[in-house]
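Please read all numbers here as calculations on a predicted model, not as lab measurements.
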Amino acid sequence: MKRLIFSVLMLGMGVAWGQKTPSRPNFVIIMADDLGFSDIGCYGAEIKTPNLDKLASKGVKFTQFYNAARCCPSRASLLTGMYPHQAGMGTMVVTKVKDRSKETPTQGWLSKQTVTMAELLKSAGYQTYMSGKWHVGEERPDWPLQRGFDRYFGLISRATSYYEVLPGRILLEDNEPYKIPEKFYLTDAILDKAIGYIDQNQGSNQPFFLYVAYTAPHWPLHAPEEDIAQYRGSYLKGWDALRAERLKKQYQLGVFPKKYALSPKEADLPDWSSVSNKDQWDLKMAAYAAMVSRMDAGIGKIMDKLKATGQWDNTVIVFLSDNGACAEVLNDRAQHDLGEKAYAESLTKKAGEKGSYTTYSKEWAALGNTPFRMYKQFTHEGGIATPMIVHYPALVKKPFQTQQVGHIMDIMPTCLELAKATYPSQYQQNSIKPLEGKSLVPILEGKTRTPHPYLAWEHFDCRAVRQGKWKLVWSKDTKKWELYDMENDRSELYDLATSHPAKVQELKVLYSE
């Protein structure tokens with residue numbers, strides 16, 4: 001009778017009879033696509049993200065964490081613990097690999113001299129799952145199952161419609177093309193598969209690594225009508241007023257240690273008061289906000305599943321974005337992606353609807369990156385600063401916010417340390433490059449971590465190097481080095497290059513190493 005009662009209690013907690021709680025943690029790494037620094041509630045947004053806010057309120061919220069400026073480089077860095085160029089992804093993926101005999105920093109597929117987090121955790125006894133956007137290898141030798149994942153569902157590369165698969169896109173389940181059902185919305189599909197993988201792991205007696213790589217809120221602006229409706233009218237205040245409101249909320253939340261100035265609006269952006277089609281702009285931002293909220297709701301379901309299966313306390317949840325908010329305008333790109341007929345039809349559709357294909361442009365991207373300058377693909381703060389949350393009840397006993405600097409390549413060594421997995425010098429007959437990232441575990445324990453000697457970025461001739469409080473940055477547009485004091489000027493408004501020439505030269509030497 002006692003055994004029966006115990007069994008029922010265990011089942012009620014979501015733990016199958018005979019299943020052991022893993023001694024090592026599970027990992028759920030969640031990446032958003034093109035989400036700006038201030039686009040979730042706990043970083044200043046008016047967008048409703050109660051689940052991410054809850055994770056931040058019980059975990060560690062990073063305010064100086066960096067990605068690698070764009071989709072492919074960030075994903076490569078996350079998976080390998082390396083700088084993007086070391087992983088072969090200094091620029092973007094290529095659709096056709098011409099020569100695998102010689103590797104380069106910009107080859108466009110993951111280097112065989114790197115090893116992925118999935119490969120190492122699998123070798124260490126983990127079940128490995130991925131749901132979402134891959135974007136680090138277009139050809140089958142470079143697909144998720146070939147790089148360490150046991151199961152995979154998602155988009156191999158680029159953007160696609162949230163309601164259908166566009167020509168030239170590859171949507172897979174494991175290694176086979178996935179046929180979408182009649183009722184389909186990509187954000188929900190990514191969530192459903194992720195939940196399914198957690199269910200699949202039940203009874204395996206193995207911890208799991210789950211990488212959930214949402215395509216949201218990357219363009220095109222697609223969201224269910226009922227989700228958009230909750231935000232309609234919220235953005236008629238305009239980008240000028242809302243940027244100021246977000247910055248005020250960031251101060252209230254203590255996101256920054258001091259009051260940094262709001263970066264000025266770019267000269268080519270109109271004042272909201274002069275905009276005639278305000279309702280259309282409101283709709284675009286409402287659709288974007290709806291995409292973020294839908295993603296957050298899915299994250300809430302993952303949280304609920306972990307609690308229901310008794311794995312909440314022993315699961316490390318990490319959330320971040322692959323780059324800053326996106327200022328792209330599609331134009332010719334939309335015609336190329338859709339084809340003539342579908343493109344013509346898209347022009348008759350409203351933002352959010354199936355068949356539409358639009359972005360929210362630089363105007364709203366500036367709101368997403370409050371208070372920073374520039375956007376996705378640039379190495380100013382607006383391109384590389386990401387919201388970053390780590391939730392792990394078994395280690396983080398008291399929630400806190402940290403100003404310590406981290407980089408996306410630090411996530412892999414963090415997971416390896418917690419999983420008690422080792423990083424190899426050889427893997428599958430390949431020599432493996434030394435790990436570049438540094439574990440975040442000391443920070444999670446509430447300690448001061450020894451920082452990287454410096455951090456550096458380069459993407460399509462946008463460059464940066466940061467050491468301590470100093471950041472040297474180069475834009476492909478201005479083509480000059482600018483120097484900023486990150487302690488007093490995170491908004492990068494006061495260029496100190498002229499007054500500190502020795503520091504400029506010192507950082508240029510580091511960058512060239």
Participant: Return yes if a side-chain donor-acceptor contact under 3.5 Å exists between Asn26 and Gln311, otherwise no.
Facilitator: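 The answer is yes; a qualifying pair exists.
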
Participant: Counting C-beta onward and ignoring hydrogens, is there a side-chain heavy-atom pair between Lys284 and Gln280 closer than 4.5 Å?
Facilitator: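 With C-beta onward as the side chain, the pair stays apart.
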
Participant: If you measure only the distance, is there a donor-acceptor pair under 3.5 Å linking the side chains of Trp281 and Glu363?
Facilitator: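 Result is no, nothing qualifies.
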
Participant: Looking at the rings of Phe372 and Tyr260, which for Trp means the six-membered one, are their centres under 6.0 Å apart?
Facilitator: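 So the answer is no for these two rings.
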
Participant: Determine whether the aromatic ring centres of residues His391 and Phe319 are separated by less than 6.0 angstrom.
Facilitator: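 When the ring centroids of Phe319 and His391 are compared, they turn out to be at least 6.0 Å apart.
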
Participant: So, Glu381 side chain and Ile384 main chain: donor-acceptor pair closer than 3.5 Å or not?
Facilitator: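 Not at all, since once roles are kept as given, no pair shorter than 3.5 Å links the two residues.
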
Participant: Do Tyr43 and Phe37 have ring centres separated by under 6.0 Å?
Facilitator: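 Judged by ring-centre distance (under 6.0 Å), Tyr43 and Phe37 do meet the cut-off.
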
Participant: Is the distance from the ring center of Tyr211 to that of Tyr129 below 6.0 Å?
Facilitator: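 Centroid distance Tyr211-Tyr129: not below 6.0 Å, so no.
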
Participant: Please say which of Arg70, Lys476, Lys376 ends up in a side-chain contact (heavy atoms from CB on, under 4.5 Å) with His459.
Facilitator: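 In the set Arg70, Lys476, Lys376, the residue that makes a side-chain contact (heavy atoms from CB on, under 4.5 Å) with His459 is Arg70.
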
Participant: Closest heavy-atom contact between Thr386 and Asn67?
Facilitator: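 Heavy atoms of Thr386 and Asn67 come nearest at CB-ND2, 3.5 Å.
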
Participant: For the residue pair Tyr360 and Tyr235, establish whether any side-chain heavy-atom pair is separated by less than 4.5 Å.
Facilitator: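 Side chain of Tyr360 against side chain of Tyr235, heavy atoms only: no contact under 4.5 Å found.
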
Participant: Quiz question: by atom type and distance under 3.5 Å, do the side chains of Ser101 and Asp99 form a donor-acceptor pair?
Facilitator: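 Short answer, yes.
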
Participant: So, using salt bridge (charged side-chain N to carboxylate O under 4.0 Å, His left out) as the criterion, who are the partners of Lys237 when residues are at least two apart?
Facilitator: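 Expected list: Glu245.
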
Participant: Partners of Arg140 by salt bridge (charged side-chain N to carboxylate O under 4.0 Å, His left out), sequence neighbours excluded?
Facilitator: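 Salt bridge (charged side-chain N to carboxylate O under 4.0 Å, His left out) check on Arg140 returns nothing, list empty.
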
Participant: Judged by atom type as modelled, is there a donor-acceptor pair below 3.5 Å linking the side chain of Ser74 to the main-chain atoms of Ala68?
Facilitator: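 Flag set: sc Ser74 to bb Ala68 pair under 3.5 Å.
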
Participant: Using side-chain heavy atoms (C-beta onward) and a distance below 4.5 Å, is Asp174 in contact with Arg151?
Facilitator: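 In contact.
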
Participant: Any heavy-atom pair between the side chains of Met412 and Leu120 that's under 4.5 Å?
Facilitator: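 In short, these two side chains touch, coming nearer than 4.5 Å.
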
Participant: Are Ser77 and Glu436 close enough, and set up right, to give a side chain to side chain contact (heavy atoms under 4.5 Å, CB included), and what steps lead you there?
Facilitator: CA-CA 10 Å; Ser77 195; Glu436 194 74 42; over 6 Å; no

Participant: I'd like to know whether CG of Asp268 has more than 12 heavy-atom contacts from other residues, nucleotides or ligands below 6.0 angstrom.
Facilitator: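 Enclosed: over 12 neighbouring heavy atoms sit under 6.0 Å from CG of Asp268.
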
Participant: Run the numbers on Ser161 and Arg169 for side chain to side chain donor-acceptor pair (under 3.5 Å), then give the verdict.
Facilitator: CA-CA 10 Å; Ser161 166; Arg169 307 304 194 267; over 6 Å; no

Participant: Taking the side chain as every heavy atom from C-beta outward, state whether Asp142 and Val136 have any atom pair closer than 4.5 Å.
Facilitator: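 Of all side-chain heavy-atom pairs linking Val136 with Asp142, none is under 4.5 Å.
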
Participant: Would you say the side chains of Asp39 and Tyr288 form a donor-acceptor pair under 3.5 Å?
Facilitator: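 There is such a pair (donor and acceptor under 3.5 Å, judged by atom type) between the side chains of Asp39 and Tyr288.
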
Participant: What pairs with Tyr126 under ring-ring contact (aromatic ring centres under 6.0 Å, His included), at least two apart in sequence or on another chain?
Facilitator: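 ring-ring contact (aromatic ring centres under 6.0 Å, His included) list for Tyr126, sorted by chain: Phe27.
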
Participant: Indicate whether any N or O donor in one side chain lies under 3.5 Å from an N or O acceptor in the other, for Arg294 and Tyr185.
Facilitator: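 There is no such pair (donor and acceptor under 3.5 Å, judged by atom type) between the side chains of Arg294 and Tyr185.
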
